[in-house]
Amino acid sequence: MNNDLCLDHLNLPARDPEGLARWYAQTFGLVADAHRVRGQGVLIAFQQGQPVNRAPELHVGFRVPSNVVLDDWAKRLGGAVTHGTEFNAFRTSDPEGNCIELYCRADS
């Protein structure tokens, strides 16, 4: 089997697609372009609709490089880091209730 797949983008329904793109841009230092938000290795498109809100099964996961960076994000966003054997993480929600998980390797 040819393994030439790469996850290119995520498309999520939102009541206010452009507003949510602006929130992600302001919160995570990304760039909003109408209903899309972009950054290095990130492309999320928001489409008019009702949010899915199926946390924690469905969530947006952002990997950060270290526990120091993860702790900084947790303080900024008011979250508590959960420590695991392989990964440490914390979860928060965007303004429309979508679950966002920030995580890193436990040994980083």
Side-chain angles (χ1 to χ4, degrees):
M1 172 175 244
N2 187 355
N3 191 6
D4 57 0
L5 294 176
C6 176
L7 181 61
D8 183 64
H9 69 278
L10 181 61
N11 190 47
L12 294 173
R15 289 182 292 272
D16 179 6
E18 290 187 15
L20 198 53
R22 284 191 303 275
W23 183 86
Y24 274 79
Q26 293 167 353
T27 303
F28 297 109
L30 302 169
V31 177
D33 171 22
H35 65 284
R36 294 172 296 273
V37 67
R38 303 169 192 267
Q40 184 175 349
V42 175
L43 174 54
I44 305 173
F46 299 102
Q47 175 179 316
Q48 187 68 44
Q50 288 299 312
V52 178
N53 293 331
R54 287 289 312 264
E57 303 90 2
L58 177 64
H59 62 269
V60 175
F62 290 120
R63 187 170 180 168
V64 299
S66 70
N67 284 290
V68 171
V69 174
L70 183 65
D71 288 340
D72 183 49
W73 277 109
K75 287 176 189 168
R76 274 194 253 171
L77 298 175
V81 174
T82 301
H83 298 274
T85 56
E86 188 175 356
F87 295 101
N88 296 333
F90 82 93
R91 291 186 174 156
T92 189
S93 296
D94 69 22
E96 295 211 12
N98 296 302
C99 183
I100 302 168
E101 180 180 71
L102 284 90
Y103 72 100
C104 68
R105 293 196 53 80
D107 61 359
S108 65

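Side chains are part of it too, since the values below use all heavy atoms of this structure and drop only hydrogens, waters and symmetry mates.
- The CZ atom of F62 sits 9.5 Å away from the OG1 atom of T27 when rounded to the nearest 0.5 Å.
- For the pair F46 and D16, the minimum side-chain heavy-atom distance is 4.5 Å or more.
- Scored by the salt bridge (Lys or Arg N to Asp or Glu O under 4.0 Å) test, D72 finds R76 as partners (sequence neighbours excluded).
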**Q.** Derivation of the side-chain contact (heavy atoms from CB on, under 4.5 Å) call for N53 and N98
**A.** CA-CA 5 Å; N53 293 331; N98 296 302; 4.1 Å; yes
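- The hydrophobic cluster containing Y24 does not contain V52, counting ILVMFWY residues as joined when their side-chain heavy atoms lie under 4.5 angstrom apart, directly or transitively.
- Screening residues 34-43 for salt bridge (charged side-chain N to carboxylate O under 4.0 Å, His left out), with sequence neighbours left out, gives D33-R36, D33-R38.
- Nearest approach of C99 to L58, heavy atoms of both residues: CB-O, 3.8 Å.
- Once rounded to the nearest 0.5 Å, the distance linking CG of N67 with CG of N88 reads 4.5 Å.
- The CG atom of L102 sits 4.5 Å away from atom CZ of F90, with the distance rounded to the nearest 0.5 Å.
- In the hydrophobic clustering of ILVMFWY residues, with side-chain heavy atoms under 4.5 Å counting as a link, V42 and L10 come out together.
- Across all non-hydrogen atoms, the minimal contact from V81 to A74 is CG2-CB, 3.8 Å.
- With rounding to the nearest 0.5 angstrom, the CG atom of L43 is 9.0 Å from the CG atom of N11.
- Applying the salt bridge (charged side-chain N to carboxylate O under 4.0 Å, His left out) test to pairs two or more places apart or on separate chains, those with a residue in residues 77-101 are E86-R105, R91-E101.
- Between W73 and Y103, the ring center distance fails the sub-6.0 Å criterion.
- Annotation for P95 and W23: closest pair CD-CD2, 3.3 Å, computed over non-hydrogen atoms.
- The line from CZ of F87 to OG1 of T82 is 14.5 Å long, rounded to the nearest 0.5 Å.
- Residues L20 and L77 fall within the same hydrophobic cluster, defined by Ile, Leu, Val, Met, Phe, Trp and Tyr side chains chained together at heavy-atom separations under 4.5 Å.
- For the pair S66 and S108, the tightest heavy-atom approach, listed with the atom from each and the gap, is CA-OG, 3.3 Å.
- The number of heavy atoms from other shown groups lying within 6.0 Å of CD (Q48) is above 12.
- Looking at P51 and L12, their side chains never come closer than 4.5 Å, going by heavy atoms from C-beta outward.
- Minimum heavy-atom separation, A32 to A25: N-CB, 3.7 Å.
- I100 has its side chain within reach of F28: a pair of non-hydrogen atoms, C-beta onward, lies under 4.5 Å apart.
- Within the model, atoms NZ of K75 and CG of L70 stand 11.0 Å from one another, a figure rounded to the nearest 0.5 Å.
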